[in-house]
Protein chains: 2
Amino acid sequence: MDTKGASFIGNVMDPDCPSRMVFARIGDKWATLVIQVLAEGPLRFSELRQTVHVVTPKVLTQVLRALERDGLLTRTVFAQVPPRVDYELTPLGRTLLEPLKALREWAESNVSAMLASRDDYDEREDAAILRPPGHPGR
Amino acid sequence: MDTKGASFIGNVMDPDCPSRMVFARIGDKWATLVIQVLAEGPLRFSELRQTVHVVTPKVLTQVLRALERDGLLTRTVFAQVPPRVDYELTPLGRTLLEPLKALREWAESNVSAMLASRDDYDEREDAAILRPPGHPGR
DNA sequence: ATACTGGGTTACCTTATGGATACCAAAGGC
DNA sequence: GCCTTTGGTATCCATAAGGTAACCCAGTAT
């Protein structure tokens, strides 16, 4: 499998295909949130922490390093004290914004449907627990 | 926060907003793969295993139950022996196909760029390890 | 009688993820 | 001398995710 050619095209269903790893990365919960937060422009470490909220510095660092490694954002250190580090999407990273936005909008507008479905399902399950003894004792 | 209203709209950046959970689910690695595999029509359990590949029955069951609970697919049991169970996307599940397809296409066509970036990054890291002793012993 | 089938379940164990906490460096202010 | 600030690291620990292997059911085929 030639991963050096610039026009390599993958298949996410093949577990040995690197695009599956890529898909895993861009499907990662933290990564997707960070990318979307950076949509409007560069942010500092502490600003990211506040915007994405709750994430611990360790986790945020891991996510940022991974995204930097994958060429989706750049890390710029300013020689100041106290230090200042800006994170900014690369052009490649920016191309992810459209697909992620679609997914996000789906999520935000279909919450109710999914939560309602969960309630239904759980009620059905609760009822099933009470069903007559069709259930052989293991 | 009213999650009963049919037109509730969420915000994925709010860690307390249920849409964040939704986003986590539809960003889940296995879930996204399963949904895409079901794009072409209903499949049986064993067909799903073969197509998504490598996933163990336990994990596949978990993923399918979660997706069923969230109303993204239906599970139909045929009263046969040996049993036959079909999984099929609901209309709601089908609305996810478009956004997921975009993401998948992004992944499949940007693998090379990401892998190249990783190579660069790792080489820079390797070089950094050899840098002069600027590095205070902990 | 036994084996085979499909769609699981269960128990057990390992690994990955992520949270809490503490700490550090370097320059400037008090 | 000590505190403050920012952008992290280091360490430890708890939970979650996921893999392995064995087993189950019920009918049909051998």
Side-chain angles (χ1 to χ4, degrees), chain A residues 15-16 20-21 23-25 27-34 37-38 42-69 73-88 125 128-129 133-138, chain B residues 15-16 20-21 23-25 27-34 37-38 42-69 73-88 125 128-129 133-138:
Chain A
D16 297 325
R20 182 128 161 191
M21 287 193 331
F23 197 66
R25 156 92 53 254
D28 175 71
K29 175 182 150 196
W30 297 122
T32 51
L33 292 178
V34 166
V37 165
L38 288 178
L43 288 178
R44 314 177 57 162
F45 189 85
S46 49
E47 292 169 329
L48 279 167
R49 276 194 74 183
Q50 288 160 22
T51 314
V52 180
H53 202 222
V54 163
V55 78
T56 61
K58 191 185 77 172
V59 171
L60 184 55
T61 301
Q62 287 169 357
V63 174
L64 290 171
R65 287 297 192 287
L67 291 174
E68 188 194 359
R69 183 164 102 104
L73 55 77
T74 56
R75 178 172 178 270
T76 311
V77 183
F78 296 87
Q80 301 178 358
V81 166
R84 175 204 177 119
V85 181
D86 275 9
Y87 293 91
E88 185 171 17
E125 285 304 288
I129 288 168
H135 184 288
R138 74 163 189 113
Chain B
D16 297 325
R20 182 128 161 191
M21 289 193 331
F23 198 66
R25 154 92 58 256
D28 175 71
K29 176 181 150 195
W30 297 122
T32 50
L33 293 177
V34 166
V37 165
L38 289 178
L43 288 177
R44 317 177 54 163
F45 189 85
S46 50
E47 292 169 329
L48 279 167
R49 278 195 73 182
Q50 288 160 22
T51 314
V52 180
H53 201 221
V54 163
V55 79
T56 61
K58 191 185 75 171
V59 171
L60 185 55
T61 301
Q62 286 169 357
V63 173
L64 290 172
R65 287 297 191 287
L67 291 174
E68 189 195 359
R69 184 163 102 104
L73 55 78
T74 56
R75 178 170 177 271
T76 311
V77 184
F78 296 86
Q80 301 178 356
V81 167
R84 176 204 177 121
V85 180
D86 275 9
Y87 293 91
E88 184 170 15
E125 285 304 288
I129 289 168
H135 186 287
R138 80 171 194 106

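Here the structure is a predicted model, which is why all the values come from computation and not from measurement.
- At the phosphate of dG8(C), OP1 or OP2 sits under 4.0 Å from a side-chain N or O atom of Y87(B).
- Where V81(B) and K58(B) each meet DNA chain D at their nearest nucleotide, the meeting point lying more 5' is that of K58(B).
- Here the P atom of nucleotide dA20(C) and the CG atom of L60(A) are 14 Å apart, to the nearest Å.
- Under 4.0 angstrom from either OP1 or OP2 of dG8(D) there lies no side-chain N or O belonging to T61(A).
- A distance of 4.0 Å separates CZ of R75(A) from CZ of R65(A), quoted to the nearest 0.5 Å.
- Taking side-chain N and O atoms only, R84(A) has no distance below 4.0 Å to OP1 or OP2 of dG8(D).
- Residues L64(A) and L48(A) form a side-chain contact, since some pair of their non-hydrogen atoms from C-beta on lies under 4.5 Å apart.
- In terms of phosphate contacts, T56(A) brings no side-chain nitrogen or oxygen within less than 4.0 Å of OP1 or OP2 of dA20(C).
- In terms of position on DNA chain C, the residue among V63(A) and P83(A) whose nearest nucleotide sits closer to the 5' end is V63(A).
- When distances run from any side-chain atom of P82(B) to the nucleotides dG8(C), dT5(C), dG8(D), the shortest one goes to dT5(C).
- Which of dG8(C), dG19(C), dT6(D) sits closest to the side chain of R44(A) comes down to dT6(D).
- Regarding F78(B), its CZ atom lies at a distance of 18 Å from the C1' atom of dG27(D), rounded to whole Å.
- Contact of the V34(B) side chain with the L60(B) side chain is registered, since non-hydrogen atoms from C-beta on lie closer than 4.5 Å.
- Per the geometry, CD belonging to Q62(B) stands 14 Å off C1' belonging to dT20(D), to the nearest Å.
- Side-chain contact between V37(A) and E47(A) is absent, with no heavy-atom pair separated by less than 4.5 Å.
- In this structure, the CZ atom of R49(A) is 11 Å from the P atom of dG7(D), given to the nearest Å.
- The distance from atom CG of L64(A) to atom C1' of dT6(D) is 14 Å, rounded to the nearest whole Å.
- Of the candidates dT20(D), dG7(C), dG19(C), dG19(C) carries the atom nearest the W30(A) side chain, counting heavy atoms from C-beta on.
- Per the geometry, CE belonging to M21(B) stands 14 Å off P belonging to dA16(D), to the nearest Å.
- Taking atom CZ of R65(B) as the reference point, atom C1' of dG8(C) lies 8 Å away to the nearest angstrom.
- Counting only heavy atoms from C-beta outward, the side chains of Y87(A) and L67(A) never approach each other to under 4.5 Å.
- When rounded to the nearest whole Å, the span between CG of D28(B) and P of dA16(D) equals 15 Å.
- Taking side-chain N and O atoms only, R75(A) has a distance below 4.0 Å to OP1 or OP2 of dG8(D).
- Sequence order on DNA chain C of the closest nucleotides to V55(A) and F45(B) puts F45(B) first from the 5' end.
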